[in-house]
Each structure stands twice: as C-alpha cells, then as structure tokens.
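For clarity, every value in this text was computed on a predicted model and none was experimentally measured. Labels below follow one simple rule: chain letters A, B, ... track the order of the sequence lines, proteins then strands, and each chain is numbered from 1.
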Number of protein chains: 2
Amino acid sequence: MNQRKVISLETIRVACKNCTLSSLCLPMGLVPEDVERLDDIVKRARPLHRGDFLFREGDRFRSLYVVKTGSVKTFAPSPEGGEQVLGFHLPGEIIGMDAIDKDAHACSAKVLETSAICEIPFSRLEELTCTIPSLQHQMYRLLSKEIGQDTDMLLLLGKKNAEERLAAFLLSLSQRLHKRGLSPSDFYLSMSRHEIGNYLGLAVETVSRLFTRFQEDGLMRVDRKHIQLLDLSALEALVVGSGQGRRQQQQQT
Amino acid sequence: MNQRKVISLETIRVACKNCTLSSLCLPMGLVPEDVERLDDIVKRARPLHRGDFLFREGDRFRSLYVVKTGSVKTFAPSPEGGEQVLGFHLPGEIIGMDAIDKDAHACSAKVLETSAICEIPFSRLEELTCTIPSLQHQMYRLLSKEIGQDTDMLLLLGKKNAEERLAAFLLSLSQRLHKRGLSPSDFYLSMSRHEIGNYLGLAVETVSRLFTRFQEDGLMRVDRKHIQLLDLSALEALVVGSGQGRRQQQQQT
DNA sequence: GCTGCCGGTTGATCTGGATCAAATATAAGT
DNA sequence: ACTTATATTTGATCCAGATCAACCGGCAGC
C-alpha cells in the first residue's frame, strides 16, 4: 500500500477536495461532504502521453473525462477523410459531453502532451446527480456552458476574418490559462500551427503569416511554440473587429 | 370554463400526453405517470406572431421554451452590431438551453411565423428531474444533442463550401420535417434568404445564386418560399462533398 | 389601380485567404 | 555528424464567394 503511494505521482492521486482545479471543475459549489461522494466514483488513470487517445470516434460512451494536467484536443472526422478540430482542452475542462445523446462518441480525443486525466463513469455520475441537486445543477451548467462556447465558435467561424479569429484564439487561451493561475501573457502552445488553423477554419499558411504580422505589429512575440502577448488590449480590439468582421453585410433581420 | 375551452385553440391546450410531438420532445421515454407530472409545470401561452420575441439577449433566464407549432429563430448579436443566426427551430425543439450556465440569455429568440410555444420554468423542471431519473437522463440527452448539433455546424462552417452548406441546410430541414410527419421534399421556408445566408455564413446573393443553380441542375424546384426537393440523394452526395470540401488541406494531425 | 418598399435575383468586379511552390528550421533516427 | 521526415515560414498565384450595382416582382397601404 505504501508501495502504491510511492509509485503513483502526487498530481494523479490527489482527491477532488485537494485539487486546485475544483473551483473550475465538477465539484464547483458542492459542500465538502458531496465532493467526497463524487470523489468515490472518479478514476484517476496513469498519465497519458502525446498522441494517446482518450477515446475515438465511434467508441461506446461510458465516461466523461476531465483534464487534470496537460492538454487534449478533440476532433471530428469530416466525411471526406479530413478532420475538424473541435477544441483544445485545458486542466479542469470536461470532455465527452457530446456523446451522452447517442451513447457513442462522435469525435475523438487525443492528448497533446503528457497529461493526467480524471475519468468519471457517467452512469455512476447520473446516480449521484439524482441525489445531489447541486451536482445536478452543476452538470446542467457545464452542459449549457459547452453549448455557449460552441455558439461563440459559430459566431467566430461565421462572421470573423482571419485576423479576428487568431486574436480571439490567443485571447481565449490567455484568459483560460490565467484562470488556472498561469501567466496570461507568456505561455507555450501545445498544438501545431496546423491544428490551430484547422480549428479556426484557416490554412496553416494563414496562421503562420498572421503570427508574423502580429509580431511585426508589436502585438506579441513568437518563438516557435513560445508565445508572449505584449498588448492584450490591442488584441481585444482586434477581436471586436473594426466594425466590419468579414466585411459581411451586417443585417438586422 | 366551457368558455375558456372555446377561446383557446385546441393546439395550444393539448396536454403533453396528447401531443403528437411527445416522442420528439421532453416527455420522450417517460412513463405516462411522469408525463402527467411534467404536464403540470408546463405553461402554454397564447400563440405568438411573426416578429415576437420569446426572449432577448440579456434577459434573465427563467424558462426553457419548446416550439409546439410554427418556427423560431435564435440569433446572437455580434459585437459590431450585426448578428449571427444560431438556429431555426421546428416543433418539438427546445430553446434556451444555452442560458442555464450564466443564468441569462446570450441570444435572442424571435418567432418566424405564428407559433404556439410551451414554456417550462426551469427551476420547476430541475426539481422534477431530481425525482424522475428518466427525465433527468432525457435532459442530459437533450443538452448533449444540442452540443452535437453545434459541432456539426462547426464542421459545416469550418470545412464546407457554399454549395455543401446550402445542401446540408436543405437536407437538415427536410429530415426534421419528415420526422414531424411532414413531407421531406415539399415545404415552405419560414425564413428569408437573408437569414439563411446569415446562418450559413454566406452572403444573400450566394444563397440566391445557389438556389437558381440547384434548380437548373434539377435538384430542386424553388418558387419564392416554396421548396420542392427533387433529388434527395444528389443533395446528400453534395453534402459529403466531392472529397474536397472547401478544398482545404485535409490534414491528419 | 397606383406607389413605395422590401426581399429576391442577376450581373460585374474585387479581394481575403486558399492553393501552389519552395526554402528553411526542427526533430528523430541511425 | 548525416539522412529522413515533419513543421514552419515565405513568396507567387488563383479563385470562391463577398461586395457593388442595378433591376425585378410581390404585396401593403392608400
């Protein structure tokens, strides 16, 4: 038993109640007693490595997954054989909620760097949410939040130009890292330019050129995967757009 | 009391258990007894008319809404003053789930034609789902489904060209109408070309041109708002794409 | 019926960002 | 260090679809 403790890394074994992410994660707003009950059903697996899958498109749905450390991307195959990156997931973020409906995963989840992941068997969770109203509410909130984020992306893909998209992406990363106690202006990208472009509906070349341009304009510094945002407010101004977006007709219907 | 019955339209007063939509809607899969309990909390308002709002962006979140008859569009303001149409909602579809998280509506919902709407106070619903596990499951499924639909849209906006987008839109409408017992190949559009374009991330002119082209190619017949799909399988082939989508690099990451 | 307006169609032009092409930088082996 | 595979950058060109412009048809109000 002592042996087990030695082997397993501290960051993996830590219970929800001791986890620094609990305020961002499922336990948010639960009384300690209920956190304990949640803790009982969470499985903490050994760390996964770059390229490992949490699940693949088509897999039977059994569990939700929460990133504890590291990062994960989710992506869906497009019919022609390409793929659409659906999201990049940071610690505290929940993955797999889109699979509840069909009881099967419609997308795949791949680990971008060495990562610790919590697994939450959904049937167990469902039992629990029946008896813990605040946990049920939290689940509704998390599902709803995911919908909200998706609609933000729809707006981004439907109405924003390349520049605005990349600025929005950088700011989103910045803000999410900040919430996790990391620097909002100095971080490493765990995903490739390719993946960024795919996610934003842009060609790699466009992403690369924009990085260069943003750097020339003094908005940021780019060195390989290392990003420093030098002017957050200028980036924010870019996202809102100069009032033209993709310069599309701004119709009121 | 008899008087009341005379005034209120049959389609409005019909209880969930007698509603033809129950198999698509919240009551799906519930035992009759539980449907009864759900029924007790559903408010059935008088019909709304074209242009009426169910709710507006910024409104406090109180209820979910279900289209009983007619159709509704939801849309979010983009920062610059334009708007992004987020969806068109047909009978049996639930609106407002994105608002649970922030306890406020992030988008507006406007009625496209005279419509009957069921209102479900969310706090009451939450109480109910605590005691009816199958209803809770249904809620999870519905929220999850919404996420799945949004990711479908992300793929559409991120990877598909104009032709594929419009074909996908028409087929989606067709299939949803079919599920509701209506013709999958002959229907009326309750939204303008403008709204379709906005929804699909295309200019009005592009939508118009594509309608013309599809008609010339014998895929459909278009007369004003009246649509007849003549070759569903050809449209399906279009959606899948000729293997190129927006002709973007189909990278495996 | 007439008039004005709005939604829709059609044509001509323009352009952001994709595609094509090639060089360069990193990483991974061997 | 040397070869090979992969990721990123940079430059040149192309094109789908946006934008601009003009016109048309249906319908609401008078």
Participant: Side chain of B/S192 only, please: which of D/dT8, C/dG8, C/dA18 is the nearest?
Facilitator: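 Comparing D/dT8, C/dG8, C/dA18 against the side chain of B/S192, the answer is C/dG8.
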
Participant: Closer than 4.0 Å, any side-chain N/O of B/T212 to the OP1 or OP2 of C/dT10?
Facilitator: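 For C/dT10, OP1 or OP2 has a side-chain N or O of B/T212 closer than 4.0 Å.
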
Participant: If you take atom types as modelled and just measure distance, does the side chain of A/R209 reach the base of D/dG11 with a donor-acceptor pair under 3.5 Å?
Facilitator: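 It does, because a donor-acceptor pair links the side chain of A/R209 to the base of D/dG11 below 3.5 Å.
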
Participant: Find the distance B/R193:CZ to C/dG8:P and express it as a whole number of Å.
Facilitator: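 Checked: the CZ to P distance equals 6 Å.
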
Participant: Which donor-acceptor pairs under 3.5 Å do side chains of residues 47-59 of chain A form with protein atoms, sequence neighbours excluded?
Facilitator:
| residue | atom | partner | partner atom | Å |
| --- | --- | --- | --- | --- |
| A/R50 | NH1 | A/L112 | O | 2.7 |
| A/D52 | OD2 | A/H49 | N | 2.7 |
| A/D59 | OD2 | A/R56 | N | 2.8 |

Participant: What's the CG-P distance between A/N161 and C/dG17, to the nearest Å?
Facilitator: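 Computing the A/N161:CG to C/dG17:P distance gives 5 Å.
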
Participant: Quick check on D/dT8: is either OP1 or OP2 less than 4.0 Å from any side-chain nitrogen or oxygen of A/K225?
Facilitator: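 Yes, within the criterion.
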
Participant: State whether the side chain of B/S190 and the backbone N or O of B/S71 hold a donor-acceptor pair below 3.5 Å, judged by distance alone.
Facilitator: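 No: the side chain of B/S190 does not pair with the backbone of B/S71.
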
Participant: Salt bridge or not for B/R193 and B/E205, using N-O below 4.0 Å?
Facilitator: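 No, this pair does not count.
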
Participant: Calculate the interatomic distance between B/H194 atom NE2 and C/dG8 atom P; express it in whole Å.
Facilitator: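 It is 9 Å, rounded to the nearest whole Å.
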
Participant: Quickly work out the A/R213 CZ to C/dG17 P distance and round it to whole Å.
Facilitator: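 To the nearest whole Å, that distance equals 8 Å.
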
Participant: Whole angstroms only, please: what is the NZ-P distance between A/K160 and C/dG17?
Facilitator: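 In whole Å, C/dG17 P and A/K160 NZ are 13 Å from each other.
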
Participant: Quick one: B/E205 CD to D/dC23 P, roughly how many Å, whole number?
Facilitator: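 Rounding to the nearest Å, CD of B/E205 and P of D/dC23 are 16 Å apart.
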
Participant: Choose from D/dT9, D/dA18, C/dG8 the nucleotide whose nearest atom is closest to any side-chain atom of A/S208.
Facilitator: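 So the side chain of A/S208 is nearest to D/dT9.
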
Participant: Between A/E93 and A/K68 (salt bridge meaning N to carboxylate O under 4.0 Å), is one present in this structure?
Facilitator: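 Answer for the salt bridge query: no.
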
Participant: So, are A/K159 and A/E164 salt-bridged, with charged N and O less than 4.0 Å apart?
Facilitator: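 Salt bridge: no.
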
Participant: Taking CG from B/L166 and P from C/dG8, how many angstroms apart are they, rounded to a whole number?
Facilitator: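 After rounding, the reported distance stands at 13 Å.
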
Participant: Tell me which nucleotide among D/dT8, C/dG17, C/dA18 gets nearest to the side chain of A/A162.
Facilitator: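 Side chain of A/A162 sits closest to C/dG17.
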
Participant: Give the rounded distance in Å between these two atoms: CZ of B/F214 and C1' of C/dT9.
Facilitator: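 After rounding, the gap between these two atoms is 16 Å.
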
Participant: Select from B/V222 and A/T206 the residue whose nearest nucleotide in DNA chain C is closer to the 5' end of that strand.
Facilitator: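 Here B/V222 is the residue nearer the 5' end.
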
Participant: Tabulate atom names and distances for all N/O pairs under 3.5 angstrom spanning the protein and nucleotides 22-27 of chain C.
Facilitator:
| residue | atom | partner | partner atom | Å |
| --- | --- | --- | --- | --- |
| C/dT26 | O3' | A/R224 | NE | 3.3 |

Participant: Does anything in residues 217-232 of chain A pair up under side chain to side chain donor-acceptor pair (under 3.5 Å), and if so which pairs, sequence neighbours excluded?
Facilitator: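 The answer is A/D186-A/H226, A/D231-A/S233.
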
Participant: Check this for me: does any side-chain nitrogen of one of A/E216 and A/R209 sit under 4.0 Å from a carboxylate oxygen of the other?
Facilitator: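 Answer for the salt bridge query: no.
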
